[in-house]
Amino acid sequence: MPIEFTLNKRQEETRAAVHSLAENIVRPQSLSWDRNHGVPDDFLRKMAMLANSMGSLSAAAEFARAERSGDIKSVNLNTVLGAEEMAWGDAGLLLCLPGPGLGAPPVRATGTPEQKERFFSIFKDMSQDLRWGAYALTEPGAGSDVASIRTSCKKVGSDWVINGRKCYITNGARAAWNVVFATIDPGLGRAGQRAFVVEKGTPGFSVGKIEEKMGLRASETAELVFEDCRVPAANLLGGEEAYHTKEGFMTAMKTFDNTRPIVAAMAIGIGRAAYEYACEFVKHAYVMTRPIPRYSAIAERLARVGRGLAAARMLTWRAAWLADTGLSNAKEASMCKAMAGQAAIRACIDSIEICGAEGTILKDHQLLEKWFRDIKVYDIFEGTGQIQRIVISKRILTDLKSF
C-alpha cells in the first residue's frame with residue numbers, strides 16, 4: 001500500500017492555524033499556568049469551543065469533526081499534527097482540554113452503541129459547564145505492566161463492586177467519568193480484566209491526593225480510590241459478552257496504540273521548541289562562521305538534535321497513518337513513543353547546555369527551563385521507554401518466526 005507524507009492543503013492550513021494559536025495566545029500564558037498550577041476555566045471554555053469547530057487540537061475533537069464531515073481516513077495523522085503544534089506552545093494545556101480525553105478511545109473501541117451515546121453526549125455542549133473524561137489504569141504497583149493490575153471487581157447482584165486505587169490519572173479528579181480497569185482474578189492475568197465507566201458521584205468512589213509534579217503543572221494528576229464502589233452492570237464497557245475472550249486487556253492495548261503516537265507528537269513539539277530556542281540563541285550569541293572548535297561542536301550537537309526530532313516525527317506520522325488505514329500499528333506506536341521521548345529529552349538537555357546560564361535562569365520570558373521539566377514524563381507515561389523496547393522486540397521476533 002502506498003504511503004504519502006505530503007500534507008494536503010487542509011492539513012497545512014490547520015497546522016499553520018494551530019501553530020499561530022500556540023505562538024500568539026498559548027505560549028505567552030504558559031509560565032503563568034505553570035506557576036499557578038492550572039488554566040483558567042474561561043480560557044478552557046474558549047478552547048473547548050475552538051477545538052469542536054477546528055479539530056486537531058485534541059484527539060476527541062478531531063474524531064468528532066471527522067465524523068461530521070465524513071472524512072475519517074486521516075483523523076489520526078491530523079491529531080498528531082495538531083498535538084505537536086499545541087505542545088510547542090504548552091503541553092500542559094493540551095492535557096487539560098475539556099472533553100473525553102484518554103477515555104474516548106476505549107469507549108469508542110469497545111462500548112455498545114447505547115454506551116457511546118450516553119457517555120459522549122455530555123460533551124456536545126460545554127458552553128456553560130466544562131466536562132472531562134479520564135482513563136484510569138495505572139496503580140501504585142502496576143503502571144506499564146498492564147497485566148499486573150490489582151484493582152478488583154466482583155459481580156454482586158445487578159452491580160459490580162470495585163476495590164482498589166489508581167494513581168497518576170490525568171483529569172481524574174474533575175472527570176465526569178473515568179474508564180477504570182479492574183480484574184475478577186489477578187491469577188487470570190489479561191483474561192480476568194474488565195473495563196468500566198465509573199461516573200463521578202458513584203457510591204464508594206472518591207478522589208485521593210492531587211499530585212505535586214515537576215513538570216506539566218498546569219494539568220491535573222490525581223489519585224482515585226475505590227472502596228466497595230458499586231457500578232451498574234450497564235457501565236461494563238461492551239457488556240458481559242465482550243469478556244468471553246481477553247477483550248478487557250485488548251481494550252487497554254487498543255487505547256495505547258491510538259494514544260502513543262499522540263504522546264510522541266507532544267514530545268516532539270516540546271523538543272522542537274527547545275531546539276528552535278537554542279538555534280536562535282546560537283544565531284545571536286555566536287558568529288558560527290568563525291573557525292572555533294567549540295562552534296563546530298555546537299553546530300554538530302544542533303544537527304544531531306534536529307535529525308533525531310525529524311526521524312521521530314516520521315515514525316510518528318507512519319504510526320498514525322497505519323491507524324488511519326486500519327492496519328496494525330502496535331509495533332510502530334511503540335517505536336515512535338520510544339524514539340520521540342528520548343529525542344526530545346536529548347533536545348532539551350543539549351539546548352540547555354548550549355545556552356548555558358541563559359537556559360537555566362527562570363525569567364518571565366524564559367521557557368527553556370520549563371520545557372526541561374515538562375519533557376521527562378514523556379519517556380514514562382503511556383508506557384515507559386523500557387516497556388516500549390520490550391514491545392518492539394517481541395513484535396520483531398514474532399515477525400521473524402513467520403519466515
Side-chain angles (χ1 to χ4, degrees), residues 30-41 43-44 90-104 106 129-146 148-153 160-183 186 193-231 235 252 255-256 259 263 266 370 372-384 387:
S30 182
L31 273 180
S32 173
W33 298 336
D34 181 73
R35 291 168 180 171
N36 295 324
H37 294 239
V39 181
D41 282 355
F43 187 85
L44 288 176
D90 186 270
L93 171 65
L94 190 56
L95 290 174
C96 63
L97 283 177
L102 292 178
D129 296 323
L130 297 177
R131 300 183 184 90
W132 290 263
Y135 180 81
L137 177 66
T138 303
E139 301 178 0
S144 297
D145 186 8
V146 178
S148 296
I149 64 172
R150 290 294 180 269
T151 295
S152 67
C153 59
W160 286 84
V161 177
I162 301 176
N163 283 282
R165 287 177 180 266
K166 299 292 183 179
C167 60
Y168 310 129
I169 309 305
T170 301
N171 298 319
R174 59 187 176 188
W177 48 257
N178 281 266
V179 175
V180 178
F181 287 80
T183 179
Q193 294 189 359
R194 303 290 184 270
F196 301 88
V197 177
V198 180
E199 297 169 272
K200 194 170 187 176
T202 300
F205 169 45
S206 62
V207 176
K209 63 181 178 179
I210 304 297
E211 301 291 346
E212 181 78 17
K213 306 191 299 294
M214 176 178 75
L216 299 178
R217 295 193 296 197
S219 71
E220 174 199 275
T221 304
E223 175 190 41
L224 306 181
V225 182
F226 304 90
E227 297 175 312
D228 291 331
C229 175
R230 300 186 72 91
V231 179
N235 286 31
T255 299
F256 286 141
T259 58
V263 171
M266 292 173 67
K370 176 185 180 295
F372 181 73
R373 288 188 286 106
D374 286 348
I375 194 57
K376 179 54 187 174
V377 75
Y378 283 88
D379 196 40
I380 299 174
F381 67 2
E382 293 294 299
T384 64
I387 288 296

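Position 1 is the first residue of the sequence, and the numbers go up from there.
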Side-chain donor-acceptor contacts of residues 160-168 below 3.5 Å, not counting sequence neighbours, with atom names and distances?
unit_1, atom_1, unit_2, atom_2, d
N163, OD1, D228, N, 2.6
N163, ND2, D228, OD1, 3.2
R165, NH1, E223, OE2, 3.0
K166, NZ, L137, O, 3.1
K166, NZ, E139, OE2, 2.8
K166, NZ, F181, O, 2.7

Per-pair distances, 0.1 Å, donor-acceptor, side chain in residues 201-208, under 3.5 Å, sequence neighbours excluded:
unit_1, atom_1, unit_2, atom_2, d
T202, OG1, E199, N, 3.4
T202, OG1, E199, O, 2.6

With sequence neighbours left out, write down each residue that passes side-chain contact (heavy atoms from CB on, under 4.5 Å) with R131, or none if nothing qualifies.
I122, F123, M126, D129
Minimum heavy-atom distance between A218 and C96, given as atom pair plus value:
O-SG, 4.1 Å
With sequence neighbours excluded, what pairs up with F381 under the ring pair (Phe, Tyr, Trp, His ring centres under 6.0 Å) test?
Y378
For D90, what residues pass the side-chain contact (heavy atoms from CB on, under 4.5 Å) criterion, not counting sequence neighbours?
V26, S30, W33, L93, K370
Across all chains, not counting sequence neighbours, the side-chain hydrogen bond (donor to acceptor under 3.5 Å, both in side chains) partners of T221 are K213
Distance in Å, I380 CD1 paired with I387 CD1, rounded so as to fall on 0.5 Å steps
12.5 Å
Measure the spacing between CG of N235 and CH2 of W177 and express it to the nearest 0.5 Å.
11.0 Å
Among residues at least two apart in sequence or on other chains, which ones pass side-chain contact (heavy atoms from CB on, under 4.5 Å) with D41?
L44, L130
Residue pair T170 / A134: nearest heavy atoms and the distance that separates them
O-CB, 3.5 Å
Nearest heavy-atom neighbours spanning G103 and V179:
O-CG2, 3.8 Å
dist L216:CG -> K376:NZ (nearest 0.5 Å) comes out at 13.0 Å
Taking all atoms of both residues into account, what is the closest heavy-atom pair of A136 and I169, and its distance?
CA-CD1, 3.6 Å
Can you name the salt bridge (charged side-chain N to carboxylate O under 4.0 Å, His left out) partners of D34, sequence neighbours left out?
R217, R373
Looking only at heavy atoms, which two atoms of E220 and G172 are closest? And how far apart?
OE2-N, 3.4 Å
Looking only at heavy atoms, the pair that brings G133 and A175 closest together is C-CB, 4.0 Å
Supply the atom-to-atom distance L224 CG to T138 OG1, rounded to the nearest 0.5 angstrom.
10.5 Å
Residue list, side-chain hydrogen bond (donor to acceptor under 3.5 Å, both in side chains) with R174, at least two apart or on another chain
N171
Start with the C-alpha gap between F226 and V198, add the side-chain angles, then the distance that decides, and say whether side-chain contact (heavy atoms from CB on, under 4.5 Å) holds.
CA-CA 10 Å; F226 304 90; V198 180; 4.1 Å; yes
